[in-house]
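So that the names make sense, note that chain A is the first sequence line, chain B the second, and so on, each numbered from 1. Because the structure is a prediction, the values reported are computed rather than measured.
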Number of protein chains: 2
Amino acid sequence: MSNVAQFPKSTAKSVTARALAVLGALSAQEPSMTLSQLARVAGLPVATVYRLAGELEEGRFLQRDAAGRYSLGVRMWEMGLLTPVHGHMREVAMPFLLNLQYECRETVQLAVCDGVDAVYIEKLTLDTKTPVQSRIGARIPLHATAVGQAILAVSDQSFIDVISGMPLPRFTDNTVTTPRALNKLLEQVRDQGFAHSTEEYVAGSTAIAAPVMVNGKVEAAIGIVNYELRDDLEIYVPQMLEAAAGLGHRLEELAANPESH
Amino acid sequence: MSNVAQFPKSTAKSVTARALAVLGALSAQEPSMTLSQLARVAGLPVATVYRLAGELEEGRFLQRDAAGRYSLGVRMWEMGLLTPVHGHMREVAMPFLLNLQYECRETVQLAVCDGVDAVYIEKLTLDTKTPVQSRIGARIPLHATAVGQAILAVSDQSFIDVISGMPLPRFTDNTVTTPRALNKLLEQVRDQGFAHSTEEYVAGSTAIAAPVMVNGKVEAAIGIVNYELRDDLEIYVPQMLEAAAGLGHRLEELAANPESH
DNA sequence: AATGACCTTTTCACTCAGTGAAAAACGTTC
DNA sequence: GAACGTTTTTCACTGAGTGAAAAGGTCATT
C-alpha cells in the first residue's frame, strides 16, 4: 500500500533543492528505487527526475544496478567519509572504543548530538543478530537512550529546556515522557557521572553511557549496550569513564595543535 | 597584474553539475574551505558558489564551522551510509573483524574491490598515530598491498590480465612492478591461501591478508597490518583465515535468505 | 497475440529561475 | 587609514531548465 506522501513539497524550489530532493528520496527503508518511485517520493515530475538523476549518476552520486534501479553512488559514500563527524571524531575515538570493547566484550557505541537527536557514529558489536535500531547513522532520541541522556544531562540548560519542551515519545513502558521526570533523571545522571538506561527505548536492552567533554562542552557520548538485560553492566563504568575522559583529552589536544597527528 | 580572468576549470554546464562541483571541491587533503577557495577550486564565480553553497548548506550537505569555513555536512555522511558498499558488507563483517582484532591486537582492515583498485571499508586500529594511507574510503592499488593482492589472486584471470597490463606504479623498493613478478606473486598467494606484503606500499609497514569468498567469487579481503615491521605476523594466519571464511559463509547465508535478520 | 499496467526515454515551445559583474559591506593586517 | 582579502547584496538579462504529452519498452495476464 502506498500511503507515502511524506514530502508533499508542491512548492517547487530551486534546481539544486530538487536535485537534493531526489537524493533525499532514498532512505534506510528504501535504499534503492526505480525512476518513477524516485519521482513520486521526491514529489517531482518524472521527466524532471529523469534529467536530474541522469546528472547525479554522471557525478556518481547515484548509481543504477543491473535492473535499472537507482541507489546512492560511491561518490556519496566517499564524500561522507570526509565529513568532520567521521573524519575527525570517529577516527580519533576508535582506539578508545576498541580498548573499551576489549575490556568489556559488549557492544560499544559512540554518538554525537545533531539537532534535536543523537546520531550513532560508530558501533562495535560482536553480536551477529544485532538490532537495526542502532545502525550507524541512525538518529535516536535524546530522552530515551543512555547515550542521549548522557549528552543531554551536561548540555546547556537552554537546550535541555528545548528538548523537554518537545513531545517526548514513548517507546516502552520505561520511557521517560514528562519534562519533570526527565529533569530529575538528568540530575541523577549529572550526580553519578554517567547514564544508565534499562528498556527505555528498546525492550530487552540495557545500556550505560558517559559524556565526552571537550573544553567543558559535551561533544559526544560513549556507551555500552547489552541486549540480554545484563544487570551488572555498571561494573564497566570505570573503564567507560576512562575511555570518555581519554577521548575528551585527545580531542582537546588535537584542537589545540592544528595537526599534531 | 593580469590576474583578472583565469578560468582553469572547463565551465561546468548545468546547475546540478555546478552544485556537484562545489561539493566535489572538498577533498581528503582539503576537507574544509572558505567560500572563495571553494569557488576557485570549483572554477565558478564567487557569487554563484555563494548561492549554491547556501542551498547545499540548507540541505545539510554542507556545513559551516564557527569561522565560516565550509565542510561537508552530516547529511552527506548519513546518505553515504545508505550506499550499497557500506550498508551490507561492513555491518555483517564487524563481528568477525572485532574478534580478529581481539585475538591479535593489531590493526585489522576490510577492503573490497572497486574498479581497478581496492577500497578500505573498515579499519579497526589501536594506533593513535595511524598513517593516513589507510583512511577508510581510501583507494589503494591492488598490486602493492596485502589486501589488494589477496583479492587479485583469486579474481578472474581476465581481470588479473587487465591489472597486470596497466602501469604498476612503484611505491617503495619492494613494490612489484612487472606483470611477470606480479603473476608469480599471485600464484604464491593462491598456493598458501593468503598474501604477505612487506613494505610494498608504505615503508615501515607489513601486512597479511586473506580473501573473502562468497559462492566461489571473491567479495572482499580481511587484513592485518603492523607499522613496526613485526616479522611474526603470520602467527595470526589461522585466525585471519577463520575470520575470512566465517564472513564468507555468513554472506552466503544472507544471500540465500532474503532477509534473515 | 492482444491487453493493460507500469515503466523509461524523447520531444519541444514557453518562461522563469539562475546568472555573474559590479558594488557594497565586513574583517584582517601593515 | 588604506590596502587587501574576504563575504554578501543587488539587478537587468537570457538561455537553461521545465513538464505535459507522446513514443517506446518490458512484463504479466487473458
What is the separation between atom [atom1] on [X] and atom [atom2] on [N], rounded to the nearest whole Å?
X	N	atom1	atom2	value
B:L38	D:dG5	CG	C1'	16 Å
B:L35	D:dT9	CG	P	12 Å
A:K13	C:dG18	NZ	C1'	15 Å
B:L52	D:dT9	CG	P	15 Å
B:R40	C:dG20	CZ	P	17 Å
A:Q37	C:dC7	CD	P	7 Å
A:D65	C:dC7	CG	P	15 Å

Distance check: side-chain N/O of [X] vs OP1/OP2 of [N], anything under 4.0 Å?
X	N	result
B:S36	D:dG5	no
A:T48	D:dG17	no
B:R18	C:dG20	yes

Taking B:E55's backbone N and O only, do any of them form a donor-acceptor pair with A:T16's side chain (distance below 3.5 Å, no angle check)? no
Is a side-chain N or O of B:E252 found less than 3.5 angstrom from the main chain of B:N215, in a donor-acceptor match? yes
If we count only N and O atoms by modelled type, under 3.5 Å, do the side chains of A:R69 and A:S32 hold a donor and an acceptor together? yes
Which nucleotide wins on minimum distance to the side chain of A:T34, given the candidates C:dT9, D:dG19, C:dC7?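 The answer is C:dC7, which lies nearest to the side chain.
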Among D:dT7, C:dT8, C:dG18, find the nucleotide with the atom closest to the side chain of A:V15.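 Of the options given, the side chain of A:V15 lies nearest C:dG18.
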Want to settle it: does B:R51 or B:V46 sit nearer the 5' end of DNA chain D, counting the closest nucleotide to each?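 Closer to the 5' end of DNA chain D: B:V46.
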Has B:E58 got more than 12 heavy atoms of other residues, nucleotides or ligands less than 6.0 Å from its CD? no
Take A:Y50 and B:E55, find for each the nucleotide of DNA chain C with the closest heavy atom, and name the residue whose nucleotide sits nearer the 5' end. A:Y50
Does B:P45 or A:R69 map to a spot on DNA chain C nearer the 5' end, using the closest nucleotide for each?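 Going by which nucleotide is closer to the 5' end, it is A:R69.
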B:F61 and A:L23: which non-hydrogen atoms are nearest, and at how many Å?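 Residues B:F61 and A:L23, closest heavy atoms: CE2-CD1, 4.0 Å.
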May I ask you to say what A:R64 touches in the nucleic acid, namely base, sugar-phosphate or nothing, with a heavy-atom cut-off under 4.0 Å? sugar-phosphate
